[in-house]
Amino acid sequence: MTEIPKAYEPKAVEEKWYQFWLDQKCFVADPARVSEKRPAYSIVIPPPNVTGVLTMGHVLNNTIQDILARKARMDGKEVLWLPGTDHAGIATQTVVEKTLRKEGKMKHRDDLGREKLLEHIWAWKEKHGGIIINQLKKLGASCDWTRERFTMDPDYSRCVQKVFVDLYKKGLIYRGKRMVNWDPAARTALSDEEVNMVEEKGHLWHIKYPVLDDAGCQMPERFVVVATTRPETMLGDEAVAVNPTDPRYTHLVGKKLLLPLRNKSIPVIADEFVDPKFGTGCVKVTPAHDKADYEMGVRHNLPFTIVIGPNGAMTNEAGDGFAGLDRAEARKSVVEHLEKLGLLVKVEDYVHNVGYSERSNVAIEPYLSEQWFLKYPSVEKAIECVAGSAGAPPAAVGALADSSERTRTSGAWDSAERPSVEGGAPSTAREGAGAPLMRFHPDRWAKTYTHWMANIRDWCISRQLWWGHRVPVWYNEEAKSKLGRKLPVIELSGDELSGANIKELRAAAWDFADKHLLLNRTFHNDETGWEILVRPASLEHAFTHLGPPNIKVVVVLPEIIRTAVKVGTLWHVPENENFKRVHLFVAAARVAGELYQVKITVKEHLNGQKLYDHQLFKIEAPDGVSPMPAAVASEPTRPTSGAEIQIGALFRDVNTDTTFVRCQIEFPGEGWTQDPDVLDTWFSSWLWPFATMGWPEQTETLKKFYPTADLVTGPDIIFFWVARMIMAGHEFMGDLPFRNVYFTGIIRDKQGRKMSKSLGNSPDPLDLIAKFGADALRFGTMRSAPLGQDILFDEQNVELGRNFCNKLWNACRFRQMVGQASRLSPSDSSQPTENETGATPVPQVPAFEVQGEINPALLTSDDKWILLRLDQAIREIDAAFAEYKFSEATATLYRFFWSEYCDWYVEASKAALRPVEELKGEELKSGDAGASLTLQPFNPSTSEAHARKANKLAVIDFVLSHTLRLFHPFLPFITEDLWHGLGFSADMPEDQGGKTIIFAHWPKPLSDDEKSHYGLDATADQVATAKYDLVGKGRNLRREFNIPSGKKIKFVLKPAGDLPAYEAEVIKNLLNAEVVELNPAYAAPKGTPSALSPLGELFLPLEGLVDVAAEKARLTKELAKITTEIEKVAQKLNNPGFVAKVPPHVLEEHKSRLAEWQGKQKHAQSALDALANL
RNA sequence: GCAGGUUUAGCUCAGCGGUAGAGCACCAGUAUCACACACUGGGGGUCGUAGGUUCAAACCCUACAACCUGCACCA
């Protein structure tokens, strides 16, 4: 046969199987397959930055998601793991700008212009955007790549803009001039969440401001002293504030001060904000450069003088000598000047916190600018839905306890994954809120979440960048340009049409229109020269649905059309496909003394016809309108009164009127320009769970896979992303975006430092994969990542993963070898296998039947023991999954497979697995002494040996096939390879492991029926355990007497009871003994080292080589240890309180433990005594 | 300042009332035919400190300390 490599070689295996999975569409989710029996399970990936590269953080995060997804597939669910990337506005634009600057293609983005820069960024995205996706594939991520999304995809962009428009229409989005966090490097506003406060050692400069007298002259030696951490901002000071109750300064309130360096007079104001106890009690007020000062500026009506520009340099307002300086240079210069003038009192060291841009890492500047803000929607619902986040502590604790109880008793994954409304404890703390629907893991993050939600502030969503979703707001430049133009005011007295009520008024109006031939006739507009058609339908609308002025105005219809001024065009006419576009006109009319704005829409038909419509809005008469002269109307056309009004005066607020500003996705029409700002990247990310599934269309995917089951992310983006997604889910989908949120820890280096590029302490995961394999990286990471704790990364973890894979590989290789060796057995009728291709390293169909039937009658104590251990492992792993404790699951897998299966079970089984023919004629030596010959050696017949071996292999296959499946979510590649290699796929149905282990069923713990069928009871367990205990003691004896572990030696066992020959054979093997003599009557030579075990007394005959001193030392030491233990137990038992109050089973347990130690003590003591006589 | 977390063997972490555990590292031995990416054995801890509750505390309670992470901040 072909050599199977001794060590697992991951590279080829990984590439082969990943391609296989892709080819077989194993990761593709199909909503049509979802049914009651096949529930949906979905996760959306936290989209990484499109230009990013894989970090250890991604490895951790995506491995967990992959484990969840693969586990769910094995649980028989229809799984959607939806991947994609994020456009990451600032980060990406910054990277590309930096590159372009390096290449000398620009100095500032303005040099290139918006379009050109965007071209470069898109090109960058095309080139680098796939990198991280390919890296995720290397990791084994089982995402449905056919559904990969990017936050700047056209469909996705539409979602973002639709959401903006909807929220705008709900009145939740507004524009305003506010103090925002300004990043002078990226030159954009940032949200509060994007600012890191960093403690810094700075200074507190104390500056004298001279007091001025009423005449504005400097008063000698009269100063006010202010303290500041930012002296450069004094150039923009507009006041000095004191507390109104501060007796030291009340006399100064209202007085003027001279602002040094600017030689400008500023007032002393009184404001509650000032803390008289801090510093001098006087605060300089810079309204345009400090949040608190801004508030004061608003309260006291101060000017807002901007002295630091958007680039962080001083503006012209800062004055000669300062303008153009960077803010840091300006600080130096200001201090120097003040010092020269003798106005600097002192400089103190001062520790304070400075906000830094999370992106550019430069100090942020509070900056007054016009921005878009969002009042968060669905806040209440988002607070209520998170378990443990609200309500009284007892209720929250009760809910958790109850729910985890369910998880434990049912042992089912489902209960943890989708807590039902009935399942949770009803919360009395929140009326009618029902049970919490979402769980955080670890749940303490719910507190952080609630705290933030409770103190939530409006979100600054605009960014002064180019890479991102542009704000879907349009400004009508055409209208703005005409704001100053004047319009004639059309006068009508209001009683030209008579009617006692509205009905009669309408009749009169129709009569008038008819009589004066207004209907189906065109009228001329002076400004455009257009002929505008008045249809009956137009008047019908105005007459029927709008108020009397709209009816009365019919008498001046021709004048209105003639004088109307065109203020805009809209392309978007959704109501009627026949219209090409709509033109907006405005005219002015005074009806019965009241001034009206006449909004006219002229619909331009495809055939060129222009159709009239009007609507009147009453406006307050502004100043400056010429008085109304008397006017008489009798003709269809008549002259205007001569009164005029500015177009601007007809609109109450040009910043909100839809004539000037429109919030809509589509380009409104000629003369409209879009808001230059883009939206915060998170304003697109918060829609991720449903925008990726086709929303706003009600797609099948959305119907079946939303809400998602689990979200796996870092707690650092709990506000940025998680909280916002929860709100968006409620607001737009009416449901939570996910049921569970798993918060990973932060990956740190060995020393506990955060991974960072500058420290160079972040290993490249791809290097690790190349060196150790993807499975090794996954296993090592998961093994060292306990729930809710930071992870200290050490390459040794990955090495350990590699070693583990190798162990798994070799254990399966061993199964191959013993299976094939048995080919020679006479009863074997299967075809000899040949390795035809040599392509795959492992796969050989073994001669022994794979997963043969287990015959309970032939099970040894070892077999039963390993089946019980397997059962235990499955239970532990299920429990770990239910609580998202992946490190516990890996620890269990490690323990079960390495120590229980390989070290004990396989070693113990080797006797039965030896080629059958070798057993022929071989006798188990039973010692020389005739006295011991009563015992039968273990020497089964050939056919019996064969049957035993077959059964052993069946057990091994049972264990391995379960083990591989348990491992699969963690180690997808190697398990797939071995699954096929060992032939487990051969007998399985195509969709249950036949094609791939991906769809093999997740192992179930053994049922009581199965356990009794196989005879798995406590006795079987005890026999094996006692045996291994004896072996441990024998090995220890061996070691204590420096017998090399390779040397075959003789042991003598004085059995405590019946010991089947088979068990003796196993003991012999595990002890690597030449022979284990079973001799109930053994009389050990004095000084023979021995150990006491439940199975009997084990002797290591040294045949005269006893080192008395060594043995004495050993026994003395052992005795000391025994004595300590006895003392500990005895102390407890001697305590009267203990005996009186302790539960009976604990008392019994202590008593038997004492007896056990006493037995050992006796044994050791007598051995020692024996030595004394030598 | 407020909140949360952590503190157990040299390292990383389990254990959360009833005999202190694992892996790695360390020491020693072993080329035994699945695996030296291995096997065998071993040493090593008054469980951060001080009190308290209890028959019994690493575990529960109360202080305190150190380190981390958020949040809020007065010039």
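Naming convention: chains lettered A, B, ... in sequence-line order (proteins, then strands); numbering from 1 in each chain. Basis for what follows: all heavy atoms, side chains included, without hydrogens, waters or symmetry-related copies.
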K.L.:
With the side chain of Arg1035(A) defined as its heavy atoms from C-beta on, choose the nearest nucleotide among G18(B), A75(B), G41(B).
P.N.:
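Nearest to the side-chain atoms of Arg1035(A), counting from C-beta on, is G41(B).
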K.L.:
Mapping Arg230(A) and Asn196(A) to their closest nucleotides on RNA chain B, which lands nearer the 5' end?
P.N.:
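With Arg230(A) and Asn196(A) compared, the 5'-side residue is Asn196(A).
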K.L.:
Do the side-chain N and O atoms of Trp452(A) and Glu193(A) include a donor-acceptor pair separated by under 3.5 angstrom?
P.N.:
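Their side chains do contain a donor-acceptor pair, which is all the 3.5 Å distance test asks for.
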K.L.:
From the list A38(B), G41(B), C37(B), which nucleotide is the closest neighbour of the side chain of Trp898(A)?
P.N.:
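Ranking A38(B), G41(B), C37(B) by closest atom to the Trp898(A) side chain puts A38(B) first.
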K.L.:
Is it the case that the base of A34(B) and the side chain of Lys910(A) share a donor-acceptor contact (distance under 3.5 Å, atom types as modelled)?
P.N.:
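Side chain to base: pair present.
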K.L.:
From C39(B), G18(B), A75(B), pick the nucleotide closest to the side chain of Phe1138(A)?
P.N.:
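For the Phe1138(A) side chain, the nearest candidate turns out to be G18(B).
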K.L.:
Measure from the side-chain heavy atoms of Thr448(A) and tell me the nearest of G41(B), G70(B), A34(B).
P.N.:
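Output: G70(B).
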K.L.:
Give me, pair by pair, the N or O atoms of the protein and of nucleotides 27-29 of chain B that are less than 3.5 Å apart, along with how far apart they are.
P.N.:
residue: A28(B); atom: O2'; partner: Arg1039(A); partner atom: NH2; Å: 2.4
residue: G29(B); atom: N2; partner: Ser1045(A); partner atom: OG; Å: 3.4

K.L.:
Can you tell me if the side-chain N/O atoms of Tyr8(A) get under 4.0 Å from OP1 or OP2 in A34(B)?
P.N.:
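So the side-chain polar atoms of Tyr8(A) never come under 4.0 Å of the phosphate oxygens OP1 or OP2 of A34(B).
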K.L.:
A22(B), OP1 or OP2 - any side-chain N/O from Arg895(A) closer than 4.0 Å?
P.N.:
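No.
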K.L.:
Quick one: which of U69(B), C37(B), U40(B) gets closest to the side chain of Ala7(A)?
P.N.:
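Side chain of Ala7(A) sits closest to C37(B).
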K.L.:
To the nearest angstrom, how far is Leu1133(A) atom CG from U19(B) atom P?
P.N.:
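Whole-Å distance recorded here is 12 Å.
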K.L.:
Would you say Arg444(A) places a side-chain N or O within less than 4.0 Å of OP1 or OP2 belonging to G5(B)?
P.N.:
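No, because none of the side-chain N or O atoms of Arg444(A) sits under 4.0 Å from OP1 or OP2 of G5(B).
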K.L.:
Is any side-chain N or O of Asn803(A) closer than 4.0 Å to OP1 or OP2 of C35(B)?
P.N.:
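Answer is no, no contact under 4.0 Å.
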K.L.:
Between U40(B) atom C1' and Arg1038(A) atom CZ, what is the distance in whole Å?
P.N.:
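Those two atoms, CZ and C1', are 9 Å apart.
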K.L.:
Taking atom types as they are modelled, would you say the side chain of Gln1131(A) forms a donor-acceptor pair with the base of A56(B) within the 3.5 Å cutoff?
P.N.:
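Checked by distance alone, the answer is no.
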K.L.:
Taking only N and O in the side chain of Lys807(A), is any of them less than 4.0 Å away from OP1 or OP2 of C35(B)?
P.N.:
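The answer is no; no side-chain N or O of Lys807(A) sits under 4.0 Å from OP1 or OP2.
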K.L.:
When the distance from CD of Glu907(A) to P of C39(B) is rounded to whole Å, what number comes out?
P.N.:
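From Glu907(A) CD to C39(B) P: 9 Å.
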K.L.:
Counting side-chain heavy atoms from C-beta on, which of A25(B), U19(B), A75(B) comes nearest to Trp1157(A)?
P.N.:
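The closest nucleotide is U19(B).
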K.L.:
What is the separation between atom CH2 on Trp452(A) and atom C1' on C71(B), rounded to the nearest whole Å?
P.N.:
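It works out to 12 Å between those atoms.
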K.L.:
How does each nucleotide of nucleotides 8-17 of chain B score, in 5' to 3' order, for protein heavy atoms under 4.0 Å: base (B), sugar-phosphate only (S), or none (-)?
P.N.:
----SSSS--
K.L.:
The side chain of Asn1036(A) lies closest to which of these nucleotides: G42(B), A75(B), U19(B)?
P.N.:
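Between G42(B), A75(B), U19(B), the one nearest the side chain of Asn1036(A) would be G42(B).
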K.L.:
Could you state the CG-P distance from Leu1147(A) to A56(B), rounded to the nearest angstrom?
P.N.:
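For the pair Leu1147(A) CG and A56(B) P, the rounded distance is 15 Å.
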K.L.:
OP1 or OP2 of A3(B) sitting under 4.0 Å from any side-chain N/O of Lys447(A)?
P.N.:
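Answer is no, no contact under 4.0 Å.
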